Structure formats: C-alpha cells, structure tokens
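One structure is given below, encoded as structure tokens.
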Amino acid sequence: MNILSDVAAVRESLRGEKNIAFVPTMGNLHEGHLALIKQAKQLSDCVVVSIFVNRLQFLPHEDFDRYPRTLEEDCRALSALNVKTVFTPDEKILFPTPQEFLLALPPVADILEGKFRLGFFRGVATIVLKLFNIIQPDLAIFGKKDYQQLHIVREMVRQLNLPVSIVSGETVRTPGGLALSSRNQYLNDTQRAEACRLYQTLQQIRQEIVSGCQDFQTLQENAIHNLAQHGWKVDYISIHERRSLLPARPPDQDLVTLAAAWLGNTRLIDNLEI
Ligand code: PAF
C-alpha cells in the first residue's frame, strides 16, 4: 500500500490508472468508513482513500483540535483491505498559503447543518474539490450518514461539470441503531445507550408518515419535545423532500428526515429516508 502525503507523489502514483475509486475521510476509520471502502473495492481495483482533518469545515469553537487522529490504526485497517493508495497530506501540503479561493454555495448549504455550522459546507466543498483535482477519481463514495453533504457534493459535481460519478453508501449502525461516527467515542456508556433514541425517533416519524400522517410540523415538534424530555438539546429534526432537500410539503412523496441533536457535549447527526 502506498502511503503518500505529497500532491506530486500521489499524482505520479495514479498516472495511467483507468478507474479510480476515491473515498475521502478525516480518518479515525470505523466500520462505516470501511463499508464505503469495501463498496469502492467492488467498483474498482484502484481505490484511493484520503485522510485529512480539514480545518476549513470546523468553526473556531468546534472540535478540530480534539478530533481523533489515529493514522497508524487507520493505515493498518486500510492495508488489511488491500487499499492501493492512501493520501495523508498535512496542512502545509494542502494549504501552503491560506486558502483564499473558496466556493460560494447555493442556499441549500444554509439550511439544516449549514444553519448551525456556518461555513461548514463551504469548507467541505472546497476541500472535496481540491481532493478531486489532486486524485482525479472516476468515482467517489460518500456516506448517506452525512446526507446533506452527499447532496451538496452531488450538486457541486453537476453544476461544475466535474468528471466524477458520486456514489452513495448506506449508513452503518450499532445493533441499537446508533449511526457509526467518529464522534461517538466522545459519549460515555450511559449516553451511548441513550444515543440510540435518535434513530428510534426517526423511525417513529417514518412510521407515522407511512401510516398516512402529513402533518410534518407536528411530527417534528413532537419528536423534538420527546428528545428534550430525555435530556437532548435538539438543533433540528426536519422532514425534507429528498431530491431538492427543501422542507417537505404534502403531497411530496420521496422524503428524508434529518436530525442533529446534542447529548451532553456531543453533537450527533442522523437521517432516515421515507
Ligand atoms: O465526511 C467527511 O469525513 C468530510 O466531510 C470529508 C468529505 C472527508 C471532507 O473533509
């Protein structure tokens, strides 16, 4: 496995490759990431994984400094999966000078996560575009766990005519339903058990809608109230139309409920398609 941290080196090592499948990550790999990588391996013999904790997508008060960095374990896991190339640049490589060119994003980047994490998607889109330019993949895999991110990357690729196919990967969950995330390790045992309630809440909303309820507002309010009663601080629980990611209105059909909520000092996000 090639572990490369330099732009020229990774370009050189991928020269002539015909079908590059790319999985961008911030490291601290868990089964959710590994599932995306296994999916990539089914689509290509040449899988590239990047590991880079991207400062541009963190607000000043967020967990950039304490975000778990576990490069050695990550590389062991990737080597066991026979990944061909790992790109692990440090900040000086990707930002030799301050990143002054930043993408301007559409309004969909200002709702949901974008409303609570100002500039988050601008940081994500900018780094993803840089990584696409460096790796030049034929396809790239993004997990549905970050549903809005997947939507925005798809839109960026479409509107900027980037020559890469975006493939989505399903969310991997614990037996209790908690979506796997690097941030789960901030939870203590009690919180970890409680954290499953977020997915259960999404499932209840889905059940109500499938049974014919179209009062999305009340469903959202009840869910927020229910979580708050169990100690959560909810940023949003919101039902949206899947294709546009705009707030759903009856009789919209293909829906997704997205949620972000705090359990203690840990912010969890999840979603469920309906
Ligand atoms: O989903 C993530 O881990 C990050 O947002 C990504 C896509 C690697 C960009 O930093």
Side-chain angles (χ1 to χ4, degrees), residues 5 7 10 20-37 39-40 47-59 62-71 73-75 77-78 83 85-91 93-95 99 102-103 105 108-109 112-114 116-137 139-157 160 162 164-172 179-186 245 258 260 266-271:
S5 54
V7 173
V10 77
I20 300 174
F22 176 44
V23 184
T25 80
M26 298 206 298
N28 193 238
L29 304 180
H30 50 65
E31 286 301 325
H33 296 110
L34 301 185
L36 300 180
I37 292 160
Q39 194 175 341
V47 172
V48 180
V49 176
S50 66
I51 297 179
F52 180 66
V53 184
N54 169 36
R55 188 186 289 275
L56 297 181
Q57 68 190 73
F58 288 79
L59 286 169
E62 290 185 337
D63 56 345
F64 175 78
D65 287 329
R66 69 178 181 128
Y67 196 87
R69 289 155 170 89
T70 51
L71 187 58
E73 285 111 292
D74 292 348
C75 286
L78 294 174
V83 166
T85 304
V86 185
F87 181 47
T88 63
D90 65 24
E91 284 199 294
I93 296 284
L94 283 193
F95 308 129
Q99 183 71 29
L102 296 160
L103 286 171
L105 268 59
V108 71
L112 301 167
E113 282 303 277
F116 288 88
R117 304 184 69 193
L118 294 183
F120 170 68
F121 287 117
R122 166 181 275 211
V124 169
T126 303
I127 200 71
V128 168
L129 182 59
K130 276 172 80 92
L131 290 168
F132 282 178
N133 284 334
I134 294 166
I135 308 290
Q136 302 193 3
L139 66 98
I141 307 202
F142 290 80
K144 283 192 186 177
K145 158 82 176 16
D146 297 293
Y147 205 88
Q148 193 178 7
Q149 168 174 283
L150 170 64
H151 176 89
I152 287 171
V153 169
R154 278 214 163 106
E155 275 304 292
M156 173 176 82
V157 163
L160 297 180
L162 303 180
V164 53
S165 303
I166 302 301
V167 177
S168 64
E170 293 301 324
T171 301
V172 179
L180 296 195
S181 160
S182 300
R183 290 185 169 107
N184 292 353
Q185 62 193 267
Y186 302 152
L245 217 63
L258 302 105
T266 307
R267 187 171 184 277
L268 301 174
I269 64 168
D270 203 350
N271 64 77

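Each ligand, and each atom within it, is numbered from 1 in the order the structure gives. The model shown is predicted, which means the values in this text are computed figures rather than measured ones.
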- Are a donor atom and an acceptor atom from the side chains of D63 and Y186 found within less than 3.5 Å of each other? yes
Show the short N or O contacts, below 3.5 Å, that ligand 1 makes with protein N or O atoms; if there are none, say 'none'.
from     : atom 1 : to   : atom 2 : distance (Å)
ligand 1 : 1 (O)  : Q149 : NE2    : 2.8
ligand 1 : 5 (O)  : Q57  : NE2    : 3.0
ligand 1 : 5 (O)  : Q149 : OE1    : 2.7
ligand 1 : 10 (O) : Q57  : OE1    : 2.7

- Message: Checking E155 now: which residues fulfil side-chain hydrogen bond (donor to acceptor under 3.5 Å, both in side chains) with it, not counting sequence neighbours?
- Response: R158, Q159
With a cut-off of 3.5 Å and sequence neighbours excluded, list every side-chain donor-acceptor pair involving residues 165-172.
from : atom 1 : to   : atom 2 : distance (Å)
E170 : OE2    : K144 : NZ     : 2.9
T171 : OG1    : K145 : N      : 3.2

- For E73, what residues pass the salt bridge (Lys or Arg N to Asp or Glu O under 4.0 Å) criterion, not counting sequence neighbours? none
- Note on the structure: For H33 and S182 the tightest heavy-atom approach is CE1-OG, 4.0 Å
- Query: In Å and rounded to the nearest 0.5 Å, what is the CD1 to OG distance from I269 to S181?
  - Reply: 7.5 Å
